[in-house]
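Bear in mind that the values here come from a model prediction, so they are computed numbers and not experimental data. One-based numbering along the sequence shown.
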Amino acid sequence: ETTLKETEDTLADEIRIKEETMVTLEATEITLRKTEETLAKETQKKEETMVTLEATETTLKETEDTLADEIRIKEETMVTLEATEITLRKTEETLAEEIQKKEE
């Protein structure tokens, strides 16, 4: 009877350990599912961030191109303005010469 009782006790311990292990396994599976969900969300956020970054880079490139165009236009305008100023000075000189000739 002692051996039977020991066997029953051992079997009861093994069943308890198995049940505890099953509970731990279920908790581990729940944690794993939550971790997978979190990872999926983080991956989605990363992808969304990459799309936003690409759009920002595109906007930045367009802004740089626009700024380069505006600088080029400003430089061309400055050259035209200088040429206009030279023409204006020549016109003023010519006008002054014609006025002086007329007065003489």
Side-chain angles (χ1 to χ4, degrees):
E1 281 191 29
T2 302
T3 304
L4 180 60
K5 176 68 173 138
E6 289 174 352
T7 302
E8 287 175 348
D9 290 347
T10 301
L11 184 57
D13 285 345
E14 289 178 359
I15 290 171
R16 181 185 50 75
I17 291 169
K18 178 184 174 188
E19 289 172 351
E20 290 172 355
T21 302
M22 291 302 293
V23 169
T24 302
L25 179 59
E26 286 179 29
T28 302
E29 289 175 344
I30 290 169
T31 302
L32 179 59
R33 277 194 300 275
K34 288 180 180 176
T35 301
E36 288 173 342
E37 290 170 2
T38 301
L39 181 59
K41 288 176 185 175
E42 289 178 0
T43 300
Q44 182 179 356
K45 285 180 185 177
K46 178 184 174 186
E47 290 171 356
E48 290 170 355
T49 301
M50 292 303 292
V51 168
T52 302
L53 179 59
E54 286 180 24
T56 302
E57 288 175 344
T58 299
T59 301
L60 178 59
K61 176 67 176 129
E62 290 171 354
T63 301
E64 288 173 344
D65 291 346
T66 300
L67 182 57
D69 286 344
E70 289 177 358
I71 290 170
R72 180 186 50 75
I73 290 168
K74 178 183 174 186
E75 290 171 351
E76 291 172 355
T77 302
M78 291 302 293
V79 168
T80 302
L81 180 57
E82 287 178 27
T84 302
E85 288 175 344
I86 291 169
T87 302
L88 181 57
R89 278 194 300 274
K90 288 181 181 177
T91 302
E92 288 174 344
E93 290 170 3
T94 302
L95 183 58
E97 288 173 4
E98 289 180 5
I99 290 171
Q100 186 178 4
K101 286 180 185 177
K102 191 174 185 183
E103 290 177 352
E104 293 175 356

Requested in this report: Report the C-alpha separation of I86 and K90 in whole Å, then their side-chain angles, then the decisive distance to 0.1 Å, and conclude whether the side chain to side chain contact (heavy atoms under 4.5 Å, CB included) test is met.
Outcome: CA-CA 6 Å; I86 291 169; K90 288 181 181 177; 3.8 Å; yes

State the [atom1]-[atom2] distance between [X] and [Y], to the nearest 0.5 angstrom.
{"X": "Q44", "Y": "K41", "atom1": "CD", "atom2": "NZ", "answer": "9.5 Å"}
{"X": "E19", "Y": "T24", "atom1": "CD", "atom2": "OG1", "answer": "12.0 Å"}
{"X": "E36", "Y": "L39", "atom1": "CD", "atom2": "CG", "answer": "8.0 Å"}
{"X": "I17", "Y": "D13", "atom1": "CD1", "atom2": "CG", "answer": "6.0 Å"}
{"X": "E93", "Y": "L88", "atom1": "CD", "atom2": "CG", "answer": "10.0 Å"}
{"X": "M50", "Y": "E57", "atom1": "CE", "atom2": "CD", "answer": "7.5 Å"}

Requested in this report: Before accepting this row, confirm whether a basic side-chain N of the pair R72/E76 lies closer than 4.0 Å to the acidic partner's carboxylate O.
Outcome: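 E76 and R72: salt-bridged.
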
Query raised in the report: Should K46 and E42 count as an ion pair when the cut-off is N to O under 4.0 Å?
Result: no

Report task. Could you pull out all residues at least two apart from E97 that satisfy salt bridge (charged side-chain N to carboxylate O under 4.0 Å, His left out)? Result ->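 With sequence neighbours excluded, E97 shows a salt bridge (charged side-chain N to carboxylate O under 4.0 Å, His left out) to no residue whatsoever.
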
**Report entry** Under 4.5 Å side-chain linkage, directly or through intermediates, the cluster mates of L11
**Finding:**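 I15, which link up through side-chain heavy atoms under 4.5 Å apart, make up the rest of the cluster.
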
Query raised in the report: Is L95 isolated, or which residues cluster with it under the ILVMFWY side-chain rule of less than 4.5 Å, directly or via members?
Result: I99

Query raised in the report: Can you tell if the side chain of E98 reaches within under 4.5 Å of the side chain of K102, non-hydrogen atoms only?
Result: no

Report task. With the side chain counted from C-beta on, respond yes when E70 and K74 share a heavy-atom pair under 4.5 Å apart, and no when they do not. Result ->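 No, side chains not in contact.
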
